[in-house]
Amino acid sequence: MADMKLAVVGAAGRMGQALIQAISAIEGATLAGAVERDGSDAIGRDAGEMSGLGRNGVLVTDDPKVAFASADGVLDFTAPAVSVRFAELAASSGLVHVIGTTGFESAQEEAVRTASGRTAIVKSGNMSLGVNLLSVLVKQAARALDAADWDIEVLEMHHRHKVDAPSGTAYLFGEAAAQGRGVDLSESSVRVRDGQTGPRPVGSIGFATLRGGSVVGEHSVVMAGEGEAIELTHRALDRSIFARGAVKAALWARGRQPGLYSMLDVLGISDQ
Ligand SMILES: NC(=O)C1=CN([C@@H]2O[C@H](COP(=O)(O)OP(=O)(O)OC[C@H]3O[C@@H](n4cnc5c(N)ncnc54)[C@H](OP(=O)(O)O)[C@@H]3O)[C@@H](O)[C@H]2O)C=CC1
Ligand SMILES: O=C(O)C1=N[C@H](C(=O)O)C[C@H](O)C1
């Protein structure tokens, strides 16, 4: 089969550059286009050179239609409103859309779901193998531990540039814990604490957010009982883990039926 041609949107971003590097390293994938926002300094630059690879002849454009015209799939780590627009465009062109963007409002989630009626979309708050495997373990542990006796807290730390909180990964772990307990996360989560909060509500799933420096991404799910605590931790040491996962997701989704898929689907990891 011919290589899958991929367009990277948000090409000059931290993940955009990691994606361009991953595409060049993974067999079966080729960079077909690189898109940045209108007015970006990156427009017209060579995408390979910009990503530290040396020239590859793909020039960064602000016109997604041009970049998508020769692509089979789109890799998108940008911002929620931007990803919603690209979901519409990718669906109308029949392109696989891999969305790593985090921080969606529920109406934006719904717009992505609607677009997935027309093309295959893989969307995940974390594209790494390690986080997705850990989410299965979190779900199992939450199922095994009685919510009346065990408190669940999700801690995360990221670099100072991150604009959304809690992280997409923190929600992914919170959702896994909620599913393990058979509860609705939106009804049991405590996302912020400040001042006279009163005692911890029994059965709640708490979130705590740290920001600083260049931390790529650290997450711990703490399960605290009387006299003992369990911590399940993932540390991202390099953005290449997310980028490789995204390219793998695009290759997996090629030729699939329209639908909204997760990295658990891509990796074939059961979350039962
Ligand atoms: N699911 C996962 O595994 C991971 C998800 N993420 C998520 O990915 C997203 C991006 O993260 P990161 O790379 O660190 O952020 P960056 O800000 O470094 O990159 C985002 C890029 O998108 C560009 N952009 C903005 N608007 C448009 C547009 N209309 N068209 C094309 N490009 C546009 C930005 O340009 P400009 O700066 O000029 O506005 C920027 O270059 C975040 O939501 C983050 O949480 C990150 C890592 C892993
Ligand atoms: O913004 C980031 O950098 C990251 N975002 C994702 C998230 O919100 O969980 C994934 C990863 O942790 C890095």
Side-chain angles (χ1 to χ4, degrees), residues 100-106 109 122-160 162-239 241-242 245 261-272:
T101 308
T102 57
F104 288 80
E105 303 288 343
S106 43
E109 297 275 10
V122 182
K123 180 172 178 296
S124 176
N126 196 302
M127 300 274 173
S128 76
L129 171 62
V131 157
N132 284 279
L133 178 61
L134 193 60
S135 75
V136 175
L137 303 181
V138 167
K139 186 171 174 180
Q140 288 174 351
R143 185 184 290 129
L145 300 172
D146 191 335
D149 299 328
W150 290 84
D151 302 326
I152 300 184
E153 296 279 312
V154 184
L155 274 69
E156 57 111 333
M157 180 159 187
H158 283 86
H159 53 94
R160 61 167 71 102
K162 186 160 177 64
V163 295
D164 57 309
S167 69
T169 312
Y171 282 126
L172 189 153
F173 285 138
E175 190 56 54
Q179 283 177 16
R181 280 184 170 175
V183 298
D184 185 340
L185 182 63
S186 64
E187 287 167 12
S188 41
S189 64
V190 176
R191 293 160 54 151
V192 186
R193 294 189 185 98
D194 187 30
Q196 294 292 317
T197 60
R200 190 180 194 285
V202 174
S204 59
I205 296 174
F207 290 85
T209 301
L210 304 177
R211 293 286 175 265
S214 59
V215 176
V216 175
E218 299 191 356
H219 294 86
S220 289
V221 181
V222 181
M223 301 185 176
E226 265 319 309
E228 59 182 329
I230 301 162
E231 281 186 35
L232 298 169
T233 296
H234 180 268
R235 286 194 189 87
L237 307 178
D238 195 295
R239 287 187 176 83
I241 60 171
F242 314 127
Y261 300 99
S262 74
M263 278 309 280
L264 291 176
D265 297 318
V266 173
L267 297 167
I269 304 174
S270 168
D271 70 344
Q272 296 310 301

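When reading the values below, keep in mind they use all heavy atoms of this one structure, side chains included, and skip hydrogens, waters and symmetry mates. Counting from 1, the numbers follow the sequence of the chain as shown.
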Ignoring hydrogens, what is the shortest heavy-atom contact between [X] and [Y]? Give both atom names and the distance.
| X | Y | value |
| --- | --- | --- |
| A177 | A142 | O-CB, 3.4 Å |
| M127 | F242 | CB-O, 3.4 Å |
| G203 | S188 | O-CB, 4.1 Å |
| F104 | T101 | CE1-O, 3.0 Å |
| A165 | T209 | CB-CG2, 3.8 Å |

Quick check for you: to the nearest 0.5 Å, what is the distance between [X] atom [atom1] and [Y] atom [atom2]?
| X | Y | atom1 | atom2 | value |
| --- | --- | --- | --- | --- |
| Q140 | L232 | CD | CG | 10.5 Å |
| N126 | I241 | CG | CD1 | 6.5 Å |
| L133 | L267 | CG | CG | 9.0 Å |
| E228 | W150 | CD | CH2 | 4.0 Å |
| I269 | N132 | CD1 | CG | 5.5 Å |

Check against side-chain contact (heavy atoms from CB on, under 4.5 Å), L264 and V136: CA-CA 9 Å; L264 291 176; V136 175; 4.0 Å; yes
Contacts of type side chain to side chain contact (heavy atoms under 4.5 Å, CB included), residue L185, not counting sequence neighbours: Y171, E175, A178, S189, I205, F207
D151: partners by side chain to side chain contact (heavy atoms under 4.5 Å, CB included), with sequence neighbours left out: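 Once residues adjacent in sequence are excluded, the partners of D151 under the side chain to side chain contact (heavy atoms under 4.5 Å, CB included) criterion are R200.
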Measuring only between side-chain heavy atoms, which start at C-beta, is [X] closer than 4.5 Å to [Y]?
| X | Y | result |
| --- | --- | --- |
| K162 | R211 | yes |
| V138 | I152 | no |
| H234 | S128 | yes |
| T102 | T169 | no |
| E156 | H158 | yes |
| V131 | L172 | yes |

Face-on cation placement of K139 at F173 ring, 6.0 Å and 45° thresholds: no
Quick one: does [X]'s side chain have a donor or acceptor within less than 3.5 Å of a partner on [Y]'s backbone?
| X | Y | value |
| --- | --- | --- |
| D149 | D146 | no |
| T197 | D194 | no |
| R181 | A144 | no |
| S204 | G206 | no |

Exceeds 12 heavy-atom contacts within 6.0 angstrom, atom CZ of R193: yes
Heavy atoms from other residues, nucleotides or ligands near CD of E109 exceed 12 (cutoff 6.0 Å):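 Yes, CD of E109 has more than 12 neighbouring heavy atoms, counting only those of other groups under 6.0 Å.
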Please tabulate, for the side chains in residues 219-227, all donor-acceptor contacts under 3.5 angstrom to protein atoms that are two or more places apart in sequence or on a different chain.
residue, atom, partner, partner atom, Å
H219, NE2, S167, OG, 2.8
S220, OG, T233, OG1, 2.7

